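Take a look at the structure set out below.
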Amino acid sequence: MRRILTIIIFSLASLCAVAQWEEDSLANIQRQGYMTLQPRAVGFDDHFLDAVNWRLAGNRDSTYAALGRCLEIRPDAPEAWFMLSDYYAEQDNDSSALQCIEKAAALNPANDTYQERLAMHYIGARNVDAAINTYERLYDGHHSRVDVLAILLELYQHQKDYPNMINTLSRLEQMEGLNEDIALATMQAYERMGNKKMALKTLRRLTAEFPNEENYRVMLGNWLMQNNKQKEAYKIFTSALKKEPDNSYAMESLSDYYVAVGQDSLAMQLRTQILTNRATPVETKVTILQQLIRESEQADGDSTRLLSLMDRIIESDPKDSEIPMFKAVYMKMKDMPKEQVDQALSHVLSVAPDNAMARFTLLQDLWTTQDWDEVIAVSQPGTEYNPEEMAFYYFNGLAWYQKDEHDRALDAFQRGVSQINEKSNPEIVSDFYAIMGDILHQKGLVEQAFEAYDSCLQWKDDNVACLNNYAYYLSQITEDGLQSTVYGSRFGKAESGELLRRAEEMSRKTIQAEPENSTYLDTYAWILFLQGRDEEALNYIDQAIKNETDSNAVITEHAGDIHAATGDIDGAVALWQKAYELDDENVDMALLRKKIEQRKYIKKEDE
């Protein structure tokens, strides 16, 4: 059945016709030498051509003025009222647009374009009754318009006017003949009216019209089942299966009959036969399995029988991937061991390697095992079979990163960002760039790292992990005193104070988002310390030490430096000594030893 959108299609066609007429008129004007857009008309036609001309030029005020002159000369000109309706519609003045198109349609009731536009306006104004009357008038003049009947059917259905729905369906049947859509719509209309006798009669007419369509007979049988006529329904189902033994629709209906009359074992036998039949559509199999799962959960919830049945279905059609995926989802729902679920997912991928959902679910499970080689083995084909799925590059890159294979990790992420488009998930894209920035910085490619961080924050300006690392590395620039050489091309002549202010702004966002994160507190404290704001830094570094879950040598050394700057030398030495004992490769142990021995803070450049 065509939908009410047909209105728009036919109206667009009408507009195209008007637009073409306007273009032809303009071309004719130009051929006659009227190249200016100045009022020069003396008669209706001249004023109307002026209106067309002004409209094509996009001058609404002059269009309106020209149409006004037209209607002064001929108040009964439907074409002028029609164009004036368009003018008001473009101004979003719906009431005036409706009045004008009503005038045009009344002046020229034989014009289909006017009538259809009028009906559209009525629908826009939610005046469905007026729209129905307009379309009925249109149909009266054109009994071959199937599209008009289709729209009327939608409108009558909206009004729940079932007698007129049936009348409209009858008119459609006269034009197109009886078919499934018309018969079912007619039957449903009768049922909503409570007229089961006519509903049944309609279905019987359909089966009589198509005696070789067993599915129509099965449809009739299902209606009889729903209306407590099981014996007659049973005869129809068995008769259909004699003619078509593999008819899954008839088998499914017969199994429903067996359930209804309490013969559950026969119903299960028939369902199994349907499920293991390769000719049965997979949608039917899934529907039956869903029903069996519901029944199982309402009973004992035992998954053993269902999983065994699923295995039989899979064996019957080894190339199908839908049922294996259904099985894996069911196993996950039943909280079965991950190893078994992963085996089921691996089977899906062996049959359908492009099944992104199966691969993603498997990768989520594998990630928790920290078997990075297996994660790589599963994610790499995903980037080939589903190159648009960025999650596979993400898993692949992170697994290489965990193996300290930074070049391969960077390659995976770079391949991933090449797939970015306007529909990409901002959080995933942001994380891609953030990790790329970390890797590039570790490789000493600091400018490229900062470019990656900038891209990260363009996609998600509150990516706290990126903000923290970016801020800390900026603070390192000022600490190392390298901004004029290594970083000069990126920051130009930026002073240390300017970079630290930028770093502080980013770092502040991280502690506002996660006020108990010891790493973020340490970064913020360190930036304050480099700015000479020692007392403020002391407050935040003490919070960082307090919130540590595991001792961190870098944070502990920073705490010692800040305590030393505020005059707490004993506390500083104790902290430095603790950091020294942690023996972290990220800490300059020689410099740390000097601090302890000399009992004072020593800058890197003062070594």
Side-chain angles (χ1 to χ4, degrees), residues 370 397-398 401-402 404 406 409 427 430-443 446 449-450 452-454 456-457 460-480 499-531 533-566 571-572 574-576 578-589 591-592 601 604:
Q370 297 189 3
L398 284 178
Y401 186 73
Q402 294 293 335
D404 291 327
H406 292 174
E427 292 196 8
S430 178
D431 284 344
F432 263 61
Y433 280 118
I435 299 169
M436 285 175 61
D438 294 343
I439 296 172
L440 289 164
H441 195 275
Q442 290 178 31
K443 291 171 64 64
V446 180
F450 288 169
Y453 289 146
D454 285 335
C456 165
L457 296 176
K460 190 172 186 290
D461 61 7
D462 61 348
N463 187 316
V464 289
C466 174
L467 286 167
N468 176 74
N469 291 354
Y470 201 172
Y472 186 68
Y473 293 145
L474 278 177
S475 73
Q476 283 188 324
I477 295 176
T478 63
E479 186 181 4
D480 295 341
L499 295 182
L500 284 173
R501 281 192 294 274
R502 182 179 177 189
E504 181 195 348
E505 181 182 345
M506 288 191 287
S507 183
R508 189 187 307 113
K509 292 179 181 178
T510 69
I511 61 171
Q512 289 172 346
E514 299 184 26
E516 296 182 358
N517 187 305
S518 59
T519 300
Y520 300 165
L521 288 165
D522 168 63
T523 299
Y524 191 61
W526 190 246
I527 293 168
L528 293 175
F529 171 69
L530 292 176
Q531 290 176 309
R533 298 156 64 182
D534 300 336
E535 293 297 334
E536 292 179 73
L538 182 64
N539 175 48
Y540 287 102
I541 199 64
D542 285 346
Q543 289 184 53
I545 294 294
K546 178 183 176 181
N547 286 292
E548 274 188 310
T549 53
D550 295 311
S551 296
N552 180 290
V554 174
I555 296 176
T556 306
E557 182 185 13
H558 284 170
D561 295 344
I562 295 170
H563 272 265
T566 57
L575 288 162
W576 288 331
K578 181 180 178 181
Y580 189 82
E581 292 169 358
L582 291 171
D583 193 19
D584 191 328
E585 63 180 10
N586 294 310
V587 171
D588 185 340
M589 300 299 287
L591 177 60
L592 185 56
Y601 170 63
K604 289 183 180 181

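By convention here, the first residue in the shown sequence is residue 1. All of these numbers come straight from a predicted model, not from anything done at the bench. Values reported hereafter were calculated over all heavy atoms of this structure, with side chains retained and with hydrogens, waters and symmetry mates removed.
Tyr453 pairs by the ring-ring contact (aromatic ring centres under 6.0 Å, His included) definition with Tyr470, not counting sequence neighbours. Contacts of Lys460 classified as salt bridge (Lys or Arg N to Asp or Glu O under 4.0 Å), with partners at least two apart in sequence or in another chain: Asp462. Listed by chain and residue number, nothing satisfies the salt bridge (Lys or Arg N to Asp or Glu O under 4.0 Å) test with Arg501 (two or more places apart in sequence, or in another chain). In this structure, Glu427 has no salt bridge (Lys or Arg N to Asp or Glu O under 4.0 Å) partners at least two apart in sequence or on a different chain.
Around atom CD of Glu516, no more than 12 heavy atoms belonging to other residues, nucleotides or ligands sit under 6.0 Å away.
For the ring pair (Phe, Tyr, Trp, His ring centres under 6.0 Å) condition, the pairs that include at least one residue of residues 501-524, sequence neighbours left out, are Tyr524-Tyr540. Here salt bridge (charged side-chain N to carboxylate O under 4.0 Å, His left out) pairs that include residues 541-560, with residues two or more places apart or in two chains, are Glu557-Lys595.
Separation of the Tyr401 and His406 ring centroids falls under the 6.0 Å cut-off.
With salt bridges taken as basic N to acidic carboxylate O contacts below 4.0 Å, one links Arg533 and Glu504.
Considering only heavy atoms from C-beta on, Val464 stays 4.5 Å or farther from Lys509 through its side chain.
Of the candidates Thr510, Thr523, Asn517, Thr523 is the only one forming a side-chain hydrogen bond (donor to acceptor under 3.5 Å, both in side chains) with Asn468.
Trp526 and Asp561 are not linked by any side-chain donor-acceptor pair at a separation below 3.5 angstrom, with hydrogens and angles left out of the test.
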